[in-house]
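First the structure, in the form of structure tokens, and then the observations on it.
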Amino acid sequence: MAVLRSIERRIEAIFEGAFGRAFRAHVQPVELARKLAKEMDEHRTASVTRVYVPNEYTVYLSPQDRDQFSSYEEALCNELQEYLGEHAQRERYALPSAPLVRIETDDELEIGVFGIAAKMARTSRSVPIQQPLPQPAAPAPQPPAYETQAYTPPGIPLETAVATYALLYDERRCPLRDATIVIGRSRECDIHVGDPNVSRRHAEVRPDGAGAYALVDLGSTNGTELNGKRVSHVRLSEGDTIVIGQIELTFVRE
């Protein structure tokens with residue numbers, strides 16, 4: 001399936017890129033909606049009883065394309081958020097919160113070309129996508145103090161929302177809380193690397209089921225190394241060393 005998906009993406013990129021450059025057509029809202037739904041599908045993570053998907057999406061547009069939405073950008077984001085919520089409900093996906101869509105400008109993009117970054121983030125926006133099943137009345141337990149700082153989806157045991165692994169780099173620690181961590185040169189990445197040899201969205205560490213995590217190269221120019229070997233998609237083990245450009249990250253248990 002991974003091979004077929006890779007072929008599909010290459011064919012799509014060739015056709016969309018060629019026609020986009022030939023006709024210089026502005027990005028249309030329906031294109032954004034279709035791609036956002038596809039991004040949600042491709043970043044789903046299967047748990048024991050649920051399938052989780054990202055809840056935050058950033059759409060990158062060229063200055064010219066974003067300018068055409070300037071008079072109704074907020075309304076467009078709200079409409080795209082509603083569309084993603086309905087898509088998640090149809091597919092019976094679980095989200096940490098209602099979807100959030102942002103639009104940013106990328107000066108390197110041409111007219112008709114856009115990018116999307118998706119991530120699963122814990123947030124206080126607690127608007128539910130699906131109505132919970134009726135439960136017998138019971139006294140509400142007192143939540144721990146730290147629950148006031150982060151949103152825990154209803155029905156998910158607290159221990160599944162607690163980080164068990166982290167990435168160590170430059171004397172810093174980035175906990176992995178069942179969310180996809182994007183590494184790259186773009187300031188929108190979860191781990192920003194100011195190195196010209198690093199691509200804007202270079203690689204990501206994503207949940208890989210049953211408490212495991214995988215390292216995925218996002219088609220970077222100079223590649224991603226794990227323990228001295230260049231990789232494209234591999235499951236991580238405790239103590240693994242990831243090298244991206246001049247930065248070295250270590251995958252450790254919390």
Side-chain angles (χ1 to χ4, degrees), residues 9 13 17 27 32 35-36 39 42-43 54-67 73 77 96 100-111 113-123 149-150 163-208 213-254:
R9 285 177 176 172
V27 173
L32 298 179
K35 288 295 187 180
L36 283 166
E39 198 76 12
E42 292 184 351
H43 285 80
N55 59 323
E56 291 194 4
Y57 300 80
T58 303
V59 179
Y60 295 94
L61 299 173
S62 67
Q64 299 90 334
D65 279 320
R66 188 176 185 185
D67 185 63
E73 182 175 302
C77 288
L100 174 64
V101 177
R102 303 185 184 91
I103 295 179
E104 299 289 345
T105 301
D106 189 331
D107 295 332
E108 297 181 6
L109 294 177
E110 299 178 354
I111 296 176
V113 180
F114 62 92
I116 296 176
K119 69 177 181 178
M120 189 180 299
R122 300 180 68 192
T123 172
Q149 302 176 8
T164 55
Y165 290 93
L167 293 174
L168 300 183
Y169 66 100
D170 293 341
E171 299 183 354
R172 301 180 185 178
R173 177 184 294 268
C174 177
L176 304 175
R177 295 187 175 91
D178 292 332
T180 297
I181 301 298
V182 182
I183 307 166
R185 184 162 46 85
S186 171
R187 294 191 179 276
E188 297 296 327
C189 293
D190 301 287
I191 297 180
H192 169 65
V193 183
D195 184 343
N197 294 315
V198 175
S199 299
R200 291 179 59 82
R201 297 182 75 250
H202 194 104
E204 65 183 19
V205 175
R206 66 171 66 158
D208 198 32
Y213 291 86
L215 172 65
V216 181
D217 184 87
L218 300 177
S220 65
T221 302
N222 295 314
T224 302
E225 291 187 2
L226 179 70
N227 300 327
K229 296 182 179 179
R230 189 160 178 167
V231 297
S232 58
H233 188 154
V234 63
R235 178 171 285 194
L236 292 169
S237 299
E238 183 178 0
D240 279 347
T241 299
I242 304 167
V243 176
I244 295 175
Q246 299 298 318
I247 190 173
E248 182 176 293
L249 307 96
T250 306
F251 181 72
V252 299
R253 183 184 295 273
E254 284 280 82

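Because only heavy atoms are used, hydrogens play no part in the values below, and waters and symmetry mates are left out as well, while side chains stay in. Note that this is a predicted model, so its numbers are computed, not measured.
Checking each of L109, L32, V59 against V27 for a side chain to side chain contact (heavy atoms under 4.5 Å, CB included) leaves exactly one that passes, namely L32.
In this structure, the side chains of D107 and P63 come closer than 4.5 Å at one or more pairs of heavy atoms. When side chains are defined from C-beta on, S199 does not count as touching R185, because their heavy atoms never get closer than 4.5 Å. In this structure, T250 and D240 have side chains that are not in contact, with every pair of non-hydrogen atoms separated by 4.5 Å or more. Between V205 and V216 the shortest side-chain heavy-atom distance does not fall below 4.5 Å. Two residues are said to be in side-chain contact when any heavy atoms from C-beta on lie closer than 4.5 Å; I191 and I181 meet this criterion. You'll find the side chain of Q64 stays beyond 4.5 Å of the side chain of E110, heavy atoms only. Within the 4.5 Å cutoff, the side chain of V193 has no heavy atoms near those of the H202 side chain. In this structure, the side chains of E225 and I242 stay at 4.5 Å or more apart for every pair of heavy atoms.
The shortest non-hydrogen separation linking G245 to V243 is O-CG1, 3.7 Å. Closest approach of P175 and A166 over heavy atoms only: CA-CB, 3.9 Å. Taking every heavy atom of both residues into account, T221 and R230 meet most closely at O-NH2, 3.9 Å. Considering all non-hydrogen atoms of both residues, I183 and C189 come closest at C-SG, 4.1 Å.
Formation of a donor-acceptor pair under 3.5 Å by the N227 side chain with backbone atoms of T241 is found in this model. Looking at Y213, its side chain does come within 3.5 Å of a backbone N or O of L176 through a donor-acceptor pair. Side chain of R187 to backbone of H192: no donor-acceptor contact under 3.5 angstrom is found. Without hydrogens or angle criteria, R173 side chain to L167 main chain gives no donor-acceptor distance under 3.5 Å. Within the 3.5 Å criterion, the main-chain N or O of R172 finds no donor-acceptor partner in the side chain of D170.
Between E56 atom CD and T180 atom OG1 the span is 12.0 Å, to the nearest 0.5 Å. For the atom pair CD (E104) and CG (L61), the distance works out to 9.5 Å, reported to the nearest 0.5 Å. Interatomic distance, L168 CG to C174 SG, rounded to the nearest 0.5 Å: 9.5 Å. Between atom CG of residue L226 and atom CG of residue D217 there is a gap of 11.5 Å, rounded to the nearest 0.5 Å. From E73, atom CD reaches atom CG of D67 across 10.0 Å, with rounding to the nearest 0.5 Å. The CG atom of N55 lies 12.5 Å from the NE2 atom of H43; values are rounded to the nearest 0.5 Å.
Salt bridge R201/E188: absent, no basic N to carboxylate O contact under 4.0 Å. With respect to R253 and E238, a salt bridge is recorded, a charged nitrogen being found less than 4.0 Å from a carboxylate O. Classification of D190 and K119 as a salt-bridged pair holds, one side-chain N sitting under 4.0 Å from a carboxylate O.
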Open item on the list: Working note: C77 + I103, criterion side chain to side chain contact (heavy atoms under 4.5 Å, CB included); need CA distance, chi angles, decisive distance, verdict.
Closed with: CA-CA 8 Å; C77 288; I103 295 179; 3.8 Å; yes
TODO: Apply side chain to side chain contact (heavy atoms under 4.5 Å, CB included) to the pair D195 and I247, showing each step before the final yes or no.
DONE: CA-CA 9 Å; D195 184 343; I247 190 173; over 6 Å; no
Task: Test side chain to side chain contact (heavy atoms under 4.5 Å, CB included) applied to I111 and D65, step by step - done: CA-CA 6 Å; I111 296 176; D65 279 320; 4.0 Å; yes
Task: Stepwise side chain to side chain contact (heavy atoms under 4.5 Å, CB included) check, D106 with R200 - done: CA-CA 11 Å; D106 189 331; R200 291 179 59 82; 3.1 Å; yes
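Ring centers of Y60 and F114: at least 6.0 Å apart, outside the cut-off.
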